[in-house]
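Every number for a ligand or one of its atoms is a count from 1 in the order of the listing.
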Amino acid sequence: MKIAVIGTGYVGLVTGVCFSDLGHDVVCVDRMPEKIAILAAGGMPIYEPGLDAVLVRNVEAGRLSFTTDLAAAVDGADAVFIAVGTPTRAQDGQADLTQVMAAAEDVARALTGYAVVVTKSTVPVGTNRKVAAVVRAANEAAEFDIASNPEFLREGAALKDFMKPDRVIVGVDGARAQEVMAAIYEPLQKQGFPVVFTDLESAEMIKYAANAFLATRISFINEIAALCERVGADVGAVAHGIGLDSRIGGRFLRAGPGYGGSCFPKDTVALSRIGMEYGVRQRIVEAVIDANENSKRRMVEKVLDLCGGSVDGKKIAVLGVTFKPETDDMRDAPSLTILPALLGKGARLHAVDPIGRKNAEPLLPGINWETDPYSAAEGADCLLIMTEWKQFRGLDLARLAKSMRVARLADLRNIYVQAEALAAGFVACTGVGR
Ligand SMILES: NC(=O)c1ccc[n+]([C@@H]2O[C@H](COP(=O)([O-])OP(=O)(O)OC[C@H]3O[C@@H](n4cnc5c(N)ncnc54)[C@H](O)[C@@H]3O)[C@@H](O)[C@H]2O)c1
């Protein structure tokens, strides 16, 4: 199939690269010439493990190219995937559809023959029908159908998630669109991965419901973690114990500082706003959002308590700033709430992150950047683990403790055993839920 992908961000780029690897002819479009220049030169504008090699392989095979010329990419395409951003709209928390609708209009004007216009961006229920109306209004003669194909990939594991998905969800409104979408996903379907066809509204809803459910699990275990601390239980043991129940399952039950990233925060807020708009309050989702904000605030208190009630003038070594390992994405990372709060209380922060610094630096003014954990920890009053990068998992705790002024450990990802940290010379430790 001939495919155009509009937007070369975390989702669009992975989608384009993977479709080409499945054998389709793909042209990726972005309105930012600097991104396209990097990609055309075989480089990567984002950090996503393994993506560069697959990109190069498919460019060399002649199946994948990059352009800013949307009309040229859309010309003759069987399907056009819109994978542009849908950030939170500042005034009301709804998903901001400006980029989606602008892309739909551009696509409409560029359509030359029948094509399926596919929304891959996460969009509220009803958006696909609005996209259809926008396309129709911009090009009365256009021959097209629409499809909703929400994306479930995780940053840091995006290639695997796209190529070995738990499921592919496709919302359609007619047989012709279904045929095209079935042909596009046939290579995955033939390998046994479920490709589920449904109506447009259900597909749109599935994406929000899935993200809200996962966010709920995280907020749930984080609140249980807070209670564990009070009653003397260990949230790790609790999560293991409940996760062995096959009705519950063990994943997404790791206590931490709170969820972040480009999806859960904005999608939970958007779903709660959709509920309000339709007069069907999503009270659980609203509570999840509230619990997550509370969780981040609780982390600040935790560090303060560990440091004897004040961080004023104290040096804190911060390990990791991205919302999770294996990504450079800083959108809504918990560090963006926790670190400024500590700075505001007078802490001196020395941070290190394997990949995130470039995106984080403009968002976190006042932080001193270090290149490795040991130099960050020198003379510090506290070591604060924010992100569980594998580079931070096997550190020499004795060496760290020895070089610190006061060896305190705030391990917000529970990657170290506290007894071992104490044995290595740390004088005080805190984790989440234990
Ligand atoms: N990031 C994730 O992990 C993830 C996972 C699943 C779903 N999603 C959803 O996918 C969508 C995209 O997310 P993302 O993280 O890839 O966003 P992003 O901001 O990284 O990328 C969007 C890209 O689209 C480009 N763009 C915007 N308007 C354009 C236009 N008219 N023409 C050409 N290019 C245009 C931008 O320049 C940018 O490069 C969002 O709706 C998001 O909710 C994201």
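Proximity annotation for atom 26 (N) of ligand 1: of Asp106, Val107, Val84, Val84 comes nearest, heavy atoms only. Of the listed residues (Asp329, Ile6, Val11), the one carrying the non-hydrogen atom nearest atom 16 (O) of ligand 1 is Val11. When the heavy-atom distances from atom 39 (O) of ligand 1 to Ile36, Asp30, Val5 are ranked, the shortest goes to Asp30.
The protein non-hydrogen atom at the shortest distance from atom 33 (C) of ligand 1 is Arg31 N, 3.3 Å. When hydrogens are left out, the protein atom nearest atom 21 (O) of ligand 1 is Gly9 CA, 3.2 Å; that is the closest non-hydrogen contact. Of all protein heavy atoms, the one closest to atom 19 (O) of ligand 1 is Arg331 NH1, 3.5 Å. Considering only non-hydrogen protein atoms, atom 27 (C) of ligand 1 sits nearest to Gln99 OE1, 3.1 Å. Counting only heavy atoms of the protein, atom 9 (C) of ligand 1 lies nearest to Thr122 OG1, 3.5 Å.
Contacts between Glu105 and ligand 1, counted as non-hydrogen atom pairs separated by less than 4.0 Å, are absent for every part of the residue. For Arg154, no heavy-atom contact with ligand 1 is shorter than 4.0 Å. Residue contacts with ligand 1, taken as heavy atom pairs separated by less than 4.0 Å, do not involve Ala158 at all.
Pairs passing the side-chain hydrogen bond (donor to acceptor under 3.5 Å, both in side chains) check and including a residue from residues 205-226, sequence neighbours excluded, read Asn211-Asp267. The stretch residues 73-96 participates, sequence neighbours left out, in these ring pair (Phe, Tyr, Trp, His ring centres under 6.0 Å) pairs: Phe19-Phe81.
Checking side-chain atoms of Tyr10 against main-chain N and O of Ser262 turns up no donor-acceptor pair under 3.5 Å.
When each of Asn128, Val74, Ile6, Val107 is checked for a side-chain contact (heavy atoms from CB on, under 4.5 Å) with Val117, only Val107 meets the rule. The only option from Glu277, Arg273, Arg89 that meets the side chain to side chain donor-acceptor pair (under 3.5 Å) definition with Gln94 turns out to be Glu277.
Using modelled atom types and a 3.5 Å distance limit, the side chains of Asp145 and Tyr114 yield a donor-acceptor pair.
No more than 12 heavy-atom neighbours from other residues, nucleotides or ligands sit within 6.0 angstrom of CZ on Phe220.
Using a 4.0 Å cut-off between charged side-chain N and carboxylate O, Glu105 and Arg109 make a salt bridge. With salt bridges taken as basic N to acidic carboxylate O contacts below 4.0 Å, none links Glu388 and Lys324.
Under the 4.0 angstrom criterion for non-hydrogen atoms, Lys266 is in contact with ligand 1. In this structure, Ser262 counts as a contact residue of ligand 1, since one of its heavy atoms falls inside 4.0 Å of the ligand.
Atom CG in Leu153 sits 11.0 Å away from atom NZ in Lys160 (nearest 0.5 Å).
Taking every heavy atom of Gly85 and a limit of under 4.0 angstrom, the matching atoms of ligand 1 come to 22 (C). The ligand atoms of ligand 1 that sit less than 4.0 angstrom from a heavy atom of Met32 are 37 (O). The contact set between ligand 1 and Lys35, taken as ligand atoms under 4.0 Å from a residue heavy atom, comprises 38 (C), 39 (O). If you number the atoms of ligand 1 from 1 as listed, the ones under 4.0 Å from a heavy atom of Glu151 come out as 6 (C), 7 (C). Shown in contact with Thr86 at under 4.0 Å from a heavy atom are these atoms of ligand 1, numbered in order with element: 40 (C), 41 (O), 43 (O). Under a 4.0 Å criterion applied to the non-hydrogen atoms of Gly7, ligand 1 contributes the atoms 23 (C), 24 (O), 25 (C), 34 (N).
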Go through Arg154 and Asp161 one step at a time and tell me if the salt bridge (charged side-chain N to carboxylate O under 4.0 Å, His left out) criterion holds.
CA-CA 7 Å; Arg154 291 162 303 166; Asp161 286 350; 2.7 Å; yes
For Glu293 and Lys296, run salt bridge (charged side-chain N to carboxylate O under 4.0 Å, His left out): C-alpha distance rounded to whole Å, both residues' side-chain angles, the deciding distance at 0.1 Å, then the answer.
CA-CA 5 Å; Glu293 289 310 311; Lys296 290 186 275 184; 3.3 Å; yes
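In terms of polar-atom proximity, defined here as any N/O pair under 3.5 Å, Asp267 makes no such contact with ligand 1. For ligand 1, the polar-atom distance check finds no N/O of Lys207 at less than 3.5 Å from any of the ligand's N/O atoms. In terms of polar-atom proximity, Lys120 is not counted as a contact of ligand 1, lacking any N or O under 3.5 Å from an N or O of the ligand. In terms of N/O distances under 3.5 Å, ligand 1 is approached by Glu155.
Cation-pi contact between Arg167 and Phe193: absent, since separation from the ring centre below 6.0 Å together with deviation from the ring axis within 45° is not met.
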